[in-house]
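Chain letters run A, B, ... following the sequence lines, proteins first, then strands; residues in each count from 1. Computed over heavy atoms, backbone and side chain alike; hydrogens, waters and symmetry mates excluded.
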Amino acid sequence: MNVGIIVFPGTWSDRDCEFALSSFKNVKSFFIWHKDSIPKNIDAIVLPGGFSHGDHLRAGAIAQFSPVMKDVSKFNQEGRPIIGICNGFQILCESGILPGALIRNKNLKFNCSFVNLKSSRSRKFTSLIPENKILKIPISHGEGNYQADNNTLNTLLENNQIAFQYCTESGLINNHSNPNGSLNNIAGIVNKNGNVLGMMPHPERSCSLDLGSEDGNLIFKSMIKSF
Amino acid sequence: MIDKKLLKEIALSEPEYLKICELLNREPSPLELGLFGALWSEHCGYKHTKLLLKELPNESDKVLSEMGKENAGVLDMGDGLKIVMKVESHNHPSAIEPKEGAATGVGGIVRDIFAMGAYPIAILNSLRFGPQDIPRNKYLLNGVIEGISTYGNCLGIPDVGGEIEFEECYTTNPLVNAMCVGIIDSKSPVLNAKADKEGDLAILVGADTGRDGIHGASGLASQSLEEGSDSRSAVQVGNPFLEKVLLESCLISGKMKGIVGMQDLGAAGLTSSAIEVAEKSNLGIDLNLDKVHTKEEGMTPYEIMLSESQERMLVIIDQKSENTFLKFFKDRDLKANTIGKFNKSGNVKIMHMGNEILNTPVKILTDAPAYVLSDKKPEWINNIQKYIPSSNKINDMGKILEMILKSPNISSKKEIYSQFDHQVQLNTIVLPGEADAAVLSLKKGKQAISISIDCDSKKCYLDPEVGASMAVAEACRNVICTGATPIGLTDGLNLGNPEKTDVQYQITKTIEGLKKACLEFGIPIISGNVSLYNESNEKPIFPTPIIGAIGHINDYSKAVTASFKNIGDKIIIIGEKIIKDDDNLLSGSEYQKIIEGKLSGSPHIDLKKELYLQNSLLEIIDNRLINSAHDISTGGLSLAIAESCILGGVGSDILLDATNKKSVYFGENRSAVIVSCSPKNTKKVSEIANKHNIDSKEIGVVTGNNLIINQDINIKVERLKSIFYNQSG
């Protein structure tokens, strides 16, 4: 699988994503500058974390106008896989590829720490996550508070689009385990079609036990297997 | 004769002005005077410290840079890999506008690192504030944290460690020191802040030059802050996004054909940047100010030369490559213009609106005076060094422990470091708060570095020399506690007004203390920064020589953290035996501050024994004999054990001799480390300690849910946790 990692000015998870993907045998990653188009041989897209265009105005607000986003949109329409991580999730929401919005953390502070995640297993990006497995993956954001109107939330629930929810170590989904005030503890969602995942936690950061967890690999593995 | 008010504004004294007239053989023009003010400022010219700093050891077989000649120090890590590091202060800007002051402090030190051609891989902070019950101090703390968080997180450089102290003396004059570490791989060159030859060009890249930050170096950093002074325009405003773009672009340009050198624009802006490069290169330079891209029209040459606008870099190139470089930066949406050309004249020539407006020898501009400081010990220091025996009536050792644990100097800093991205770049093997130092993988086999930044200012207040030696010892000990061999130091010296004789004594002794410890440990100081004129209510701050240490680990699977790991592990103290009833152990301790409310006595360190301890610990960790290591520092032995319990979520049962309980439990002035190990390893641990001529003693076992020390302390670890993490309300 050839994975294209989109690089905006201000992106900083690009090399981390490349590093995490480098452990998979049949994956090759390529950086794609935001002014360029997506090459034909690319099978999956990663929109990595960072502060694209300085997050001026709002996180992800300017990146949606970067030239490469036209191709990203087309990529989505073709049903091909896209993962937006952190700033990438924000860009996907800003550009309307995913529903909802990410606003400032409830306590108005940036938060970098490990969180626990419960996943819905039936979707492509989570297919290899064992049942009842609680994932340990870090977050690192100031604007990760997921919000949506009631209709959107209902649609997400009906279509099983909520991919990840913040929970306690034992799997309880409550206020205590919600690091940023997100609606229903939502940490990540997929689109209706299941080919686009947006998530605030950084799976690429939990790619090795040396770094405290390798749970993030399960998400990349699921993607490689499912698409 | 010159106006005194003007001299004060640019922070030059009357004798200095007369000296300038003598050197020039005429009176300086107003623009020249501005340049002298900047280049002869304390910040750029090190007037009060350069004679002393020369004495510091700065060489070893690993040091590749010449002290003071480059933007940062360089260490050879073998196989072509190099580490670059430096600490820098941004105290006065942060006192006036904490968020922007701290943010641009981070920006400045990061530029110093990538100007060397190094990719920045870690930031650390060393911060000092006044008590938090004073609203202004709280505002300063929150602003500084927000500034570091906003700027650092945007750059994608992990903030992996640091330290904070709260003391009265930092009220309204916080200390904001940031350290940055960078890496140069075997395929990339080390960039120098130099031109090679006549004809080389200076390209100014990055932000527009504006009216912000004028007189930052001379006015702000080289004078005491005055109550109610409005110096806000002297504080720069940062744009971390631009810095990130500049960082990535400069590092690529550093590998392009035709690159000669790089120098960032920091304090005193273009003045220090361009003129100091000319000086180091033994060349002259012609500067054309009409080519400088500015934020607004009509800026005067004075403003352009002294602006401290952030996110600017001077890229020095061979003239044949001019078009390639200009196009490269333009393609990356960065403004870039050729503003200078080096020549053999030895003069700085400045052109503005087509006219030559200045032509002055570089050597005169950069030849700042060097002052000899008094080393006469002030009477008040003699007085505070007389130890006042403990007078309080609290005899419940558990209660004292809880009171000290609650002190903001000791309790967890999680609330702060969780606001900093500490994991980006995927090198952070040991997270903040887990060990005595940060551990970062070098992504080269199992190689790693360990970094710590330290200073115990209360000890420096009582005895500047011993306190400075202790700062070196603690920084080294902390990296050693993770299993790393210290290979280099960077120093950030923060002190008061050097025109006062008692501060002169403090400066002299501080540097002497650093020197003694470095010589004893055989470790060089490879870069540094001096910040003077730090005063609160007209009183100098405690001398605060902040030491950043870097250590090398061959195999990070051997790295050790501070938490107790396994029930049944034995707890051993390695290090200096307690001299019976030695009250002086409490001199300058957190106990004195919190319980007695007054600091007194003579802190003490035996540098030889400290070195033995460090060497023994390195060997013990290298042999994978222990499961945790935590040094005895602020709070003393009982706090060190309590912290290992809190981090491990497990209790311990300790039995030790304690005739003078307060000294034994809370005394700090001893070189010692608390380790835990499997029972089968205890013998080997003590054998290695013995071999290194250092004492070791088994004092307890990891067990249960309580911290128990003799009959004196018995507290649930859950309770300690809630105090430490400030969850008790």
> Report, as yes or no, whether the 6.0 Å neighbourhood of atom NZ on B:Lys138 holds more than 12 heavy atoms from other residues, nucleotides or ligands.
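12 or below, so no.
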
> Top residue by heavy-atom pair count (under 4.5 Å) with chain A, among B:Gln423, B:Lys443, B:Glu146?
B:Gln423

> Name the member of A:Gly212, A:Cys207, A:Gly54 that forms the most heavy-atom pairs with chain B at distances under 4.5 Å.
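Most heavy-atom pairs under 4.5 Å with chain B: A:Gly54.
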
> Assess whether salt bridge (Lys or Arg N to Asp or Glu O under 4.0 Å) is satisfied between B:Asp333 and A:Lys35, documenting all intermediate values.
CA-CA 12 Å; B:Asp333 296 329; A:Lys35 288 182 181 174; 3.3 Å; yes

> Provide the closest heavy-atom pair for A:Gly10 versus B:Lys244 in the form atom of the first, atom of the second, distance.
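In terms of heavy atoms, the two residues are closest at CA-CG, 3.9 Å.
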
> Once you measure the plane-to-plane angle for B:Phe241 and A:His53, does it fall in the parallel (<30°), tilted (30-60°) or perpendicular (>60°) bin?
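Judged by the thresholds at 30° and 60°, the geometry between B:Phe241 and A:His53 is tilted.
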
> A:Arg205 and B:Val424: which non-hydrogen atoms are nearest, and at how many Å?
NH2-CB, 3.3 Å

> Under a 4.5 Å heavy-atom cut-off, does chain A meet the side chain of B:Lys414, its backbone, both or neither?
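Contact with chain A involves no heavy atom of B:Lys414 at all.
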
> Is chain A contacted by the side chain of B:Glu415, its backbone, both, or neither, given a heavy-atom distance below 4.5 Å?
side chain

> Rounded to the nearest 0.5 Å, how far apart are CD1 of A:Ile139 and CG of B:Asp421?
10.5 Å

> I need the B:Thr428 OG1 to A:Asp210 CG distance, nearest 0.5 Å.
12.0 Å

> Less than 4.5 Å to any heavy atom of chain A: does that hold for the side chain of B:Ser149, its backbone, both, or neither?
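Only the side chain of B:Ser149 comes within 4.5 Å of chain A.
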
> Sort out for me which of B:Leu155, B:Leu247, B:Leu242 touches chain A most, counting heavy-atom pairs under 4.5 Å.
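The option with the most such pairs is B:Leu155.
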
> So which residue, A:Cys112, A:Pro138, A:Ser113, A:Ser208, ends up with the most heavy-atom pairs under 4.5 Å with chain B?
A:Cys112

> With a 4.5 angstrom heavy-atom cut-off, which part of A:His56 approaches chain B: side chain, backbone, both or neither?
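Contact with chain B is through the side chain of A:His56 alone.
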
> Tell me, for B:Asn142 versus chain A, whether the close heavy atoms (under 4.5 Å) come from the side chain, the backbone, both or neither.
neither

> Kindly say whether B:Gln425 contributes a backbone atom to a donor-acceptor pair with the side chain of A:Trp12 at under 3.5 angstrom?
no

> So what's closer than 4.5 Å to chain A heavy atoms on B:Asn239: side chain, backbone, both or neither?
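Contact with chain A is through the side chain of B:Asn239 alone.
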
> Considering residues, nucleotides and ligands other than A:Asn175, do more than 12 of their heavy atoms fall under 6.0 Å from its CG?
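Counting other residues, nucleotides and ligands, CG of A:Asn175 stays at 12 neighbours or fewer.
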
> Under a 4.5 Å heavy-atom cut-off, does chain A meet the side chain of B:Leu431, its backbone, both or neither?
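Contact with chain A: side chain only.
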
> Count the heavy atoms of every other residue, nucleotide or ligand shown that sit under 6.0 Å from NZ of B:Lys444, and state whether that count exceeds 12.
yes

> Report which part of B:Glu248 has an atom under 4.5 Å of a heavy atom belonging to chain A: side chain, backbone, both, or neither.
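Only the side chain of B:Glu248 comes within 4.5 Å of chain A.
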
> Using a 6.0 Å cut-off, check whether atom CD of B:Glu718 has over 12 heavy atoms from anything other than its own residue.
no

> For A:Asn2, is the CG atom crowded, meaning more than 12 foreign heavy atoms sit under 6.0 Å from it?
yes

> B:Tyr556 versus chain A, heavy atoms under 4.5 Å apart: side chain, backbone, both or neither?
side chain

> Which of residues 101-111 of chain A have a heavy atom under 4.5 Å from any heavy atom of chain B?
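Within residues 101-111 of chain A, near chain B: A:Lys109, A:Phe110, A:Asn111.
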
> Locate the shortest heavy-atom distance separating B:Asn153 from A:Phe51; write the atom from each residue and the value.
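Nearest pair, atom of B:Asn153 first, then A:Phe51: O-CE1, 3.4 Å.
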
> Count the heavy-atom pairs under 4.5 Å between each of A:Ser52, A:Gly50, A:Ser140 and chain B, then report the option with the highest count.
A:Ser140

> What are the two closest non-hydrogen atoms of A:Leu211 and B:Leu426, and how far apart are they?
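In terms of heavy atoms, the two residues are closest at CD2-O, 3.7 Å.
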
